[in-house]
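Each remark here refers to the structure printed beneath this line.
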Protein chains: 2
Amino acid sequence: MTLVPEPATRTPKAEQTRQTIVDAAMRLFREGGYDRTTMRAIADEAGVSLGNAYYYFSSKEHLVQAYYLRVQEEHAAAAEAVLDGDATFAGRLRGVLTSWVDVAEPYHEFAGKFFKNAAEPTSPLSPFSTESTAAREDAIGLYRRVVDGSDVKVAKVLREELPELLWLLQMGVVLFWVYDGSPGQRRTRLLVDKAVPLVDRLVRMTRLPVVKGVVDDLLDLLRTLRG
Amino acid sequence: MTLVPEPATRTPKAEQTRQTIVDAAMRLFREGGYDRTTMRAIADEAGVSLGNAYYYFSSKEHLVQAYYLRVQEEHAAAAEAVLDGDATFAGRLRGVLTSWVDVAEPYHEFAGKFFKNAAEPTSPLSPFSTESTAAREDAIGLYRRVVDGSDVKVAKVLREELPELLWLLQMGVVLFWVYDGSPGQRRTRLLVDKAVPLVDRLVRMTRLPVVKGVVDDLLDLLRTLRG
DNA sequence: ACGAACTCTTGAACACGTTCAAAATCTCGT
DNA sequence: ACGAGATTTTGAACGTGTTCAAGAGTTCGT
């Protein structure tokens, strides 16, 4: 698998060609779906040769990665509005999760293809890979803002780790979303609506003395997860 | 996607041919991995024509289901010993999860390849697909036995749903396991060791009046997950 | 035993992702 | 302006999953 040149080394011309190809691919993916869009059609639409498309993107699935990055950026922007307008923990969490579903909706059809790629343990596209560290930390940072800007009261030992736990929650939501075949991903939205009050309740409960042991176990588990 | 004839309608001869093909495929998958094993090679090894292999298995991925079934059967057998020898909930749960890691260990090296294909939502290999319904229900049945044969005290409303929740826990463990590169999947075993006491504690807590609301929320959430 | 209907088998053909060696174009030091 | 080296572009060729139309074999009612 040949690597695409780093952004810093790309000439403006090359960057433009890249964009042309991505745009063509997106257009065709939207019109005909991922499977029925061939690399030949994408190259044609972009006005380049088949081989040239492969010069810029080493596989069809790498084109999907461009989609993924776009979703991340759009989500960060959409979440901003939510974080400005709500001070309750539940409201902020629900808003950030729901805005992800909103932003990602147009991409749902190809998400499966991307997911397939990311699922391979050795893939740099995996959310757990070192290559994804930056993107992952950005996402966790978003949840840190959800927590910090809110009125939530949480057990002290947990506060530091809560953003990462919420990011894991998002990973769960994304997993469900990928498999969600309902129109407009209605079921995922329902899931968010149900999960958020539950999480809100759970988080507030962490200050009760009865659950101290549970919280400690959970943190221990999280550290094991991290390695 | 054409459906394979139902078992009941298959002649003994046809069933034998099916087995021959499955055996050939398993042998080659083990030797060279999923991706590098071609349908042509499988057909050759089985002594049938390419088209004939497709008469029995409508896709390459359908062939892999036999592999999953085998792991599951081995796990069911290994779990039996545990379920006979331990009456504590935590012990039974830990034993069943750990025996899965034991059984699956020889397959870990190329499990990633299979997983990549199973992760695609439209794949019949997905644990959530209709093609996997029977296997899924068997697995949930195993966790029903973990619960029923144990001394665990659990909130009445939860008891019925607990096996499915434990199966979801196993899916989580499997997910972690696939990504676990540590020798002998040491980290996954550690994860099980940490998660089981936590789950045990949580389950017992469900009878406390304080957490009644949480349990109700959780069940509601589970029903949403199921659709 | 005959023929119709069904089941099974075949391999050529197809579509599409991907590779590659060669050609075209560009860059830059002299 | 020149040429060497790097970058970009090309499309034919390849491998593989899958399809399909045609043929061989089997079953069964009469």
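Chain identifiers are assigned alphabetically (A, B, ...) following the order of the sequence lines, protein sequences preceding nucleic acid strands; residue numbering begins at 1 within each chain. Just the heavy atoms: all of them, side chains too, but no hydrogens, waters or symmetry mates, feed the values below.
- Residues satisfying the salt bridge (Lys or Arg N to Asp or Glu O under 4.0 Å) criterion with B:Glu45, sequence neighbours excluded, are B:Arg27.
- Not counting sequence neighbours, the partners of B:Arg189 by the salt bridge (Lys or Arg N to Asp or Glu O under 4.0 Å) test are B:Asp102, B:Glu105.
- B:Arg186 is linked by a salt bridge (Lys or Arg N to Asp or Glu O under 4.0 Å) to nothing, counting only residues two or more places apart in sequence or in another chain.
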Set out, line by line, the N/O atom pairs under 3.5 Å between protein and nucleotides 16-18 of chain D.
residue	atom	partner	partner atom	Å
D:dG17	OP1	B:Lys60	NZ	2.7
D:dG17	OP2	B:Met39	N	2.9
D:dG17	N7	B:Arg40	NH1	2.8
D:dG17	O6	B:Arg40	NH2	2.7
D:dT18	OP2	B:Tyr54	OH	2.9
D:dT18	OP2	B:Lys60	N	2.9
D:dT18	O4	B:Arg40	NH2	3.4

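- The side chain of B:Tyr55 contributes an N or O atom lying less than 4.0 Å from OP1 or OP2 of C:dC8.
- As rounded to whole Å, 12 Å separates atom P of C:dG17 from atom CG of A:Leu28.
- Comparing D:dT10, C:dT9, C:dT10 by their nearest atom to the side chain of B:Val48 picks out C:dT10.
- Partners of B:Asp23 by salt bridge (Lys or Arg N to Asp or Glu O under 4.0 Å), not counting sequence neighbours: none found.
- Computed from coordinates, the A:Asp44 CG to D:dT9 P distance equals 16 Å when rounded to whole Å.
- Atom pair B:Asn52:CG and D:dT19:P shows a separation of 15 Å (rounding to whole Å applied).
- The separation between A:Ile21 atom CD1 and D:dT8 atom P is 12 Å, rounded to whole Å.
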Could you pull out all donor-acceptor pairs under 3.5 Å where a side-chain atom in residues 162-173 of chain A meets a protein atom, sequence neighbours excluded?
residue	atom	partner	partner atom	Å
A:Glu164	OE1	A:Arg226	NH1	2.5
A:Gln170	OE1	A:Tyr143	OH	2.3

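- Crowding of B:Glu160 atom CD: a count of heavy atoms from other residues, nucleotides or ligands under 6.0 Å not exceeding 12.
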